[in-house]
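Contents: one structure, followed by commentary.
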Amino acid sequence: MHSHASCSCGKLKAVVNGDPLRIAICHCEACQKRTGSVFSAQARFNRPDVVVSGPSSVFERKADSGNVLKFHFCPACGATVYYFNTAWPDAIGIPLGAFADPAFPMPRFSVYERTKHKWLS
């Protein structure tokens with residue numbers, strides 16, 4: 001797989017040369033607040049398969065699990081383009097929306113469903 005991800009203004013980018021390790025949806029309240037949506041959708045890749053370019057700011061938080069997540073977002077437009085999770089030290093996560101590719105493979109995992117909105121199927 002060869003894919004391009006970017007922020008809204010195009011200043012922060014990620015180029016992927018490799019298949020996703022996992023594609024998932026998360027329904028946790030932190031992801032809902034971070035994305036402004038009712039869930040987040042992301043793909044994880046091997047770090048060596050991703051080349052990132054452009055400036056980023058970092059939002060760091062501790063998950064309920066105790067793992068630390070570091071979200072890198074564009075300082076100009078605010079869109080998150082990639083993140084790191086201490087639970088997956090050799091992986092990099094990229095929100096599916098950053099690819100803006102309707103042909104991107106669908107998520108196979110759904111996590112944190114206890115805070116999933118009731119109207120989602």
Side-chain angles (χ1 to χ4, degrees):
M1 173 180 269
H2 182 78
S3 299
H4 296 264
S6 71
C7 63
S8 298
C9 70
K11 292 180 180 175
L12 181 57
K13 300 174 185 177
V15 176
V16 179
N17 286 304
D19 292 329
L21 299 170
R22 175 177 162 160
I23 306 171
I25 292 174
C26 181
H27 300 276
C28 81
E29 291 174 350
C31 280
Q32 291 178 34
K33 289 179 181 182
R34 181 181 54 81
T35 64
S37 184
V38 295
F39 57 84
S40 65
Q42 57 278 324
R44 290 183 186 149
F45 299 90
N46 284 312
R47 276 196 194 200
D49 292 343
V50 180
V51 176
V52 174
S53 63
S56 72
S57 295
V58 179
F59 170 65
E60 184 175 311
R61 74 171 183 88
K62 187 180 257 189
D64 293 343
S65 63
N67 297 317
V68 175
L69 296 107
K70 294 182 181 182
F71 297 93
H72 290 254
F73 62 94
C74 175
C77 69
T80 299
V81 174
Y82 63 99
Y83 71 93
F84 299 108
N85 181 341
T86 55
W88 293 66
D90 298 325
I92 182 170
I94 300 178
L96 297 188
F99 292 105
D101 178 2
F104 198 90
M106 67 181 275
R108 299 289 182 195
F109 295 91
S110 179
V111 298
Y112 250 90
E113 291 191 341
R114 70 176 178 264
T115 50
K116 178 180 171 180
H117 286 239
K118 305 262 185 273
W119 50 267
L120 288 172
S121 56

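Heavy atoms only: backbone and side chains are in, while hydrogens, waters and symmetry mates are out. Starting from 1, each residue takes its place in the sequence as its number. No experiment lies behind these values; they were computed from the predicted model shown.
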Pairwise distance [atom1]([X]) to [atom2]([Y]) - rounded to 0.5 angstrom:
| X | Y | atom1 | atom2 | value |
| --- | --- | --- | --- | --- |
| Gln42 | Cys31 | CD | SG | 6.0 Å |
| Leu21 | Asn46 | CG | CG | 4.5 Å |
| Asn85 | Arg44 | CG | CZ | 5.5 Å |
| Glu113 | Ile25 | CD | CD1 | 9.0 Å |
| Asp101 | Met1 | CG | CE | 7.5 Å |
| Asp90 | Ile92 | CG | CD1 | 12.0 Å |

> Just checking, Arg34 and Phe59: is the charged tip under 6.0 Å from the six-membered ring centre and within 45° of the axis?
Replying inline: no
>> With a sphere of 6.0 Å drawn around NZ of Lys116, does it hold more than 12 non-hydrogen atoms of other residues, nucleotides or ligands?
In response: yes
> Within a reach of under 6.0 Å around CD of Glu60, are more than 12 heavy atoms found that belong to other residues, nucleotides or ligands?
Replying inline: yes
> Is there side-chain contact between His4 and Val15, with at least one heavy-atom pair below 4.5 Å?
Replying inline: yes
>> Is there a side-chain contact between Asp64 and Tyr112 in this structure, where contact means two heavy atoms from C-beta onward sitting under 4.5 Å apart?
In response: yes
Would you list the atom pairs, donor with acceptor, under 3.5 Å between side chains in residues 47-55 and any protein atom, with sequence neighbours excluded?
unit_1, atom_1, unit_2, atom_2, d
Arg47, NE, Pro89, O, 3.3

> Would you call the rings of His72 and Tyr82 parallel, tilted or perpendicular, where under 30° means parallel and over 60° means perpendicular?
Replying inline: parallel
>> Taking Thr115's backbone N and O only, do any of them form a donor-acceptor pair with Gln32's side chain (distance below 3.5 Å, no angle check)?
In response: yes
> Is there a donor-acceptor contact under 3.5 Å from the side chain of Thr80 to the main chain of Phe71?
Replying inline: no
> Taking it one step at a time, do Leu69 and Lys62 satisfy side chain to side chain contact (heavy atoms under 4.5 Å, CB included)?
Replying inline: CA-CA 6 Å; Leu69 296 107; Lys62 187 180 257 189; over 6 Å; no
>> Does Phe39 form a side chain to side chain contact (heavy atoms under 4.5 Å, CB included) with His117? I'd like the steps, not just the answer.
In response: CA-CA 9 Å; Phe39 57 84; His117 286 239; over 6 Å; no
> Does a donor on one side chain sit under 3.5 Å from an acceptor on the other, for Ser110 and His27?
Replying inline: yes
>> If I compare all heavy atoms of Ala43 with all of Pro20, which pair ends up nearest, and what's the gap?
In response: CB-CB, 4.3 Å
>> I need the minimum non-hydrogen distance between Ala91 and Phe84, along with the two atoms involved.
In response: O-CD2, 3.7 Å
> With sequence neighbours excluded, what pairs up with Phe73 under the ring-ring contact (aromatic ring centres under 6.0 Å, His included) test?
Replying inline: none
>> Working note: Tyr83 + Ile94, criterion side chain to side chain contact (heavy atoms under 4.5 Å, CB included); need CA distance, chi angles, decisive distance, verdict.
In response: CA-CA 6 Å; Tyr83 71 93; Ile94 300 178; over 6 Å; no
> Should Cys74 and Ser56 be marked as a side chain to side chain contact (heavy atoms under 4.5 Å, CB included) after you check the CA-CA gap, both sets of side-chain angles, and the distance that decides it?
Replying inline: CA-CA 5 Å; Cys74 175; Ser56 72; over 6 Å; no
> Under a 4.5 Å side-chain heavy-atom rule over Ile, Leu, Val, Met, Phe, Trp and Tyr, are Phe99 and Val81 clustered together?
Replying inline: yes
